[in-house]
Amino acid sequence: MCSVLVRMSTQILKARMIYKVLVVGRNLSLQTGFLSQASGNLVSNQLYNSLGLSLGVAKYEDYDEFSIILQLWAIPQNERVAGLSQNFIKGHRAVIVVLRSEDLVELHNILSSLSLNIKSNTFVLVLGQSDDAELRVKEFIASSVETYQHSDAHEISDIIQIVAQRLTKRGQIEEDIPTIITLNEDRCPAYEPALQSSSEPESTDDEVDEIQRILLDQGVRMIGESCVVELTEGKALISLRSGIVKLEPKICDYCLNDCKRNTKLCIIAVDSGWSSQKIGQRALLTVAKIIALNERNIPNHVKMQIQRASFCGKFDPQSEIIESDDFLKLISADKRDLYGKKSLMEIALKRVEDGKLPESAYNMLKRKLHALEKSMKKK
C-alpha cells in the first residue's frame, strides 16, 4: 500500500510517502519490541491481547522533497481468528522478519505460513551477539539463499532508514534479493504489553495526597499532581494520578532542531505482594517508580530506555554549546551499550563526512573531550 499526501504551507510543498510494512517472526513479543522501538509514542497495542496485533508508525525524513511514513503491522505467526492474517497482509509493500540468530532456520517456514516469499523488499533482522549472528547468517545463507544484500545496524533507526531507501529506490539496490541485517539483541528488547485492567483505576484524591506526603518526606520535587526527577540524561515527569512516566531528554536543550522529544518510559510492576491500608496498588507502584528513579535504583531495561531516549540521530548541536561543560559531561558518559560498535567521535566523524557537522566543530569537540578525560583522570 502506498499513497501520497501533500502538505501545504506558505513556505514548502512536501509530499509524504506512506507504505505498509509487515513485521513478522517467531516470537511475537520480540516483534512488538521492534515495533515499539521504531515507533516510539506512535504505537497501539490495543489488539495485542485479543488478536496478537500491534500497529505503529515510523518516520524517515532525510529527503528535501518528501518524507517517508512506514505503517508497521506486527502480526502473529499463528493467527488467533481464522482468515485474519491474510486480511492483515493485504496491501503491504515490505516485510521485516525479526529473528534471533538461533531461530534463523525458521525463516522459510515463517514466510510460507503467511504465504510470503523472500524477495527484494524482504528484510531479515537477525538479533544476537555480533560474531555469533554473522556466523549463523553465513551458515544459513550458504544453504538457503543464493544471493542477498547484507547490512550491519547499530540501532533500530538504521533499519528504518534501510527500508525507506529501498522502498523509494534510493541508494545501491539489486532487484529481487532479500536484505539480511544484523543487530545486537540489546538494541531490540522483547516487549509484552501489559493487560489492561479495570481493577486498577487512577489514584484517588486521597491517594494523591498520601503520595505527596510520602514524597515530601523523601525530599522529592513536585509540581501540582506531577513529580519531577532530574536525571543525568534529562527530566523525568511522573503523573501522581496515573503513574505514567515521561522523559524530556536533556540533549534536546543543546540542539538546533525544534522537535523536542517527550518519551514514555515503560516501568511495570514485578511484585503484587505490597499492601497498604491507605493507598491502592497503582498508587504504591507510582511511589515505587518515583523513589527508584530518584535514587537511580532502576532495572537495566529501564536504563536502556533512558539511554535510547537521550540519543537522537538528527542531533544538530548549537555552536555555542560545544564548549559547555554540562554538554561535554552528558555526551562523554559511557554509552557503549547505546552506540554498539561506534564511539561518539566515530559518529561525529561520520556526520562530518556526510556534511552534517562542520569539521571545525568536530575538532573543537575532540579537543574538549580529550581535556575533560585528562582532568577526570587527575581526580
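Sequence positions, counted from 1, serve as the residue numbers for this chain.
Rounding to the nearest 0.5 Å gives a distance of 5.5 Å between CD1 of I160 and CD1 of I96. In this structure, S39 OG and L70 CG are separated by 9.0 Å, a value rounded to the nearest 0.5 Å. Note: I162 CD1 to L125 CG = 9.5 Å, rounded to the nearest 0.5 Å. How far CD1 of I214 is from CG of D209: 11.0 Å, rounded to the nearest 0.5 Å. Put simply, CD on E225 and CD1 on I238 are 14.0 Å apart, with the number rounded to the nearest 0.5 Å. Taking CD1 of I75 as the reference point, atom OG1 of T32 lies at 11.5 Å (rounded to 0.5 Å).
A salt bridge (charged side-chain N to carboxylate O under 4.0 Å, His left out) check over residues 290-300, counting only residues at least two apart or in different chains, returns the pairs E233-R296. Counting only residues at least two apart or on different chains, no salt bridge (charged side-chain N to carboxylate O under 4.0 Å, His left out) pair has a member in residues 30-54. Listed by first and then second residue, the salt bridge (charged side-chain N to carboxylate O under 4.0 Å, His left out) pairs that reach into residues 32-54 come to none, sequence neighbours excluded.
Judged as a salt bridge (charged side-chain N to carboxylate O under 4.0 Å, His left out), and not counting sequence neighbours, E106 has no contacts. For N27, the side-chain contact (heavy atoms from CB on, under 4.5 Å) criterion is met by S29, L30, R100, not counting sequence neighbours. Listed by chain and number, the residues in a side-chain contact (heavy atoms from CB on, under 4.5 Å) with L55 are L53, W73 (sequence neighbours excluded). Qualifying side-chain hydrogen bond (donor to acceptor under 3.5 Å, both in side chains) partners for D217, counting only residues two or more places apart in sequence or in other chains: R213. Not counting sequence neighbours, the partners of S242 by the side-chain contact (heavy atoms from CB on, under 4.5 Å) test are E202, S239, I244. By the side-chain hydrogen bond (donor to acceptor under 3.5 Å, both in side chains) test, N45 is found to be paired with S54, residues two or more places apart in sequence or in another chain being considered. Here D158 pairs with nothing under the salt bridge (charged side-chain N to carboxylate O under 4.0 Å, His left out) rule; sequence neighbours left out. For Q46, the side-chain contact (heavy atoms from CB on, under 4.5 Å) test picks out S44, with sequence neighbours left out.
Closest non-hydrogen pair, L116 versus L22, comes out as CD1-CD1, 4.2 Å. Across P178 and I118, no two heavy atoms sit closer than the pair CG-CG2, 3.2 Å. Of all heavy-atom pairs spanning L114 and P76, the tightest one is CD2-O, 4.3 Å. Minimum heavy-atom separation, L240 to V208: O-CG2, 4.0 Å. Residue L72 comes nearest to L35 through the heavy atom pair O-CD1, 3.5 Å, listed as atom of the first residue, atom of the second, then distance. Nearest heavy atom pair, residue S203 against residue R282, reads N-CD, 3.9 Å.
Of the charged side-chain nitrogens involved, at least one lies within less than 4.0 Å of a carboxylate oxygen, so that R221 and E230 count as a salt-bridged pair. Between K235 and D253 there is no salt bridge, since no side-chain N of the basic residue sits under 4.0 Å from a carboxylate O of the acidic one.
Side-chain contact check for Q31 and R26: no donor-acceptor pair (N or O, by modelled atom type) lies under 3.5 Å. In summary, the side chains of Y191 and Q37 do not present any donor paired with an acceptor at a separation below 3.5 Å, with no hydrogens or angles considered.
Residues I156 and C188 form a side-chain contact, since some pair of their non-hydrogen atoms from C-beta on lies under 4.5 Å apart. Contact of the L167 side chain with the R93 side chain is registered, since non-hydrogen atoms from C-beta on lie closer than 4.5 Å. Side-chain atoms of L247 and L231, non-hydrogen and from C-beta on, do get closer than 4.5 Å to each other. A 4.5 Å side-chain heavy-atom check between L99 and I110 finds at least one atom pair inside the cut-off. V21 has its side chain out of reach of V95: every pair of non-hydrogen atoms, C-beta onward, lies at least 4.5 Å apart. Considering only heavy atoms from C-beta on, I291 comes within 4.5 Å of Q218 through its side chain. T179 is listed as a side-chain neighbour of I181, based on a closest heavy-atom distance under 4.5 Å. Side-chain contact between Q212 and L215 is absent, with no heavy atoms from C-beta onward closer than 4.5 Å.
If you chain together ILVMFWY residues whose side-chain heavy atoms come under 4.5 Å of each other, I223 ends up grouped with V228, L237.
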